[in-house]
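Scroll down for the structure; my scribbles are underneath it.
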Amino acid sequence: DFLSIYHYAFDTESGADRGFAVIYKRENVTLTDFSFRFSGLDPDREYTVYDYDNPGETVLRSGRELMTNPFAVSFGSGAETIIIEYCAQQ
C-alpha cells in the first residue's frame with residue numbers, strides 16, 4: 001500500500017499566498033478517504049481552496065482553520081491523483 005502527498009507553496013514574508021497539495025493513491029491502496037492539515041499559512045488571512053476534480057466545490061476558510069482542522073478528500077477505486085490549490089484572498 002502506498003499513498004503520497006506533496007505540498008508546493010509559493011511563499012511571501014507573511015505566509016504562503018498560493019500553493020498546491022498533490023495527493024497520489026496507488027492502485028492497491030484501499031483507502032477511500034484521506035484528511036490532512038495545511039501548514040505555513042497566515043492564520044489571519046482567508047484562503048480559497050479549489051479541488052481540480054470538483055471545480056464547483058470551492059471553499060473559503062481562514063488560514064487558522066486550514067492549519068487546525070483536517071481537510072478531507074475522497075478517492076475512487078484504483079490509482080488516483082487529487083490536486084488541491086489554495087490561494088490567499090487579497
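No hydrogens, no waters, no symmetry mates; every other heavy atom, side chains included, goes into these values.
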- Does some side-chain heavy atom of P43 sit less than 4.5 Å from a side-chain heavy atom of M67? yes
- Does the ring center of Y50 lie less than 6.0 Å from the ring center of Y86? no
- Spatial distance of atom SG (C87) from atom CG (D17) [nearest 0.5 Å]: 7.5 Å
- So do the side chains of F38 and N69 get within less than 4.5 Å of each other, counting heavy atoms only? no
- Message: Among residues at least two apart in sequence or on other chains, which ones pass side chain to side chain donor-acceptor pair (under 3.5 Å) with E85?
- Response: R18, Y52
- Is there a side-chain contact between V73 and I84 (heavy atoms, below 4.5 Å)? yes
- Task: With sequence neighbours excluded, tell me which residues meet side chain to side chain donor-acceptor pair (under 3.5 Å) with R37.
- Result: none
- Message: Could you work out, with side chain to side chain donor-acceptor pair (under 3.5 Å) as the rule, every residue matching T32, not counting sequence neighbours?
- Response: none
- Task: Could you tell me whether a side-chain N or O of K25 sits under 3.5 Å from a main-chain N or O of I82, the two making a donor and an acceptor?
- Result: no
- Item | Mutual orientation of the aromatic rings belonging to F34 and F75 [parallel < 30°, tilted 30-60°, perpendicular > 60°] | tilted
- Task: Could you list all the salt bridge (Lys or Arg N to Asp or Glu O under 4.0 Å) pairs where at least one residue sits in residues 52-61, not counting sequence neighbours?
- Result: none
- Item | D42 vs Y47 side-chain heavy atoms within contact, under 4.5 Å | yes
- Residues two or more places apart in sequence or in another chain: which of them pass salt bridge (Lys or Arg N to Asp or Glu O under 4.0 Å) with D33? none
- Distance in Å, Q89 CD paired with L60 CG, rounded so as to fall on 0.5 Å steps: 5.5 Å
- Note on the structure: Of all heavy-atom pairs linking A79 and Y24, the shortest is CB-OH, 4.2 Å
- Task: Sorted by first residue and then second, give each salt bridge (Lys or Arg N to Asp or Glu O under 4.0 Å) pair with at least one member in residues 75-84; sequence neighbours left out.
- Result: none
- Query: Do T81 and I23 pass the side-chain contact (heavy atoms from CB on, under 4.5 Å) test, and can you show the C-alpha distance, the side-chain angles, and the key distance before you say yes or no?
  - Reply: CA-CA 6 Å; T81 301; I23 305 143; over 6 Å; no
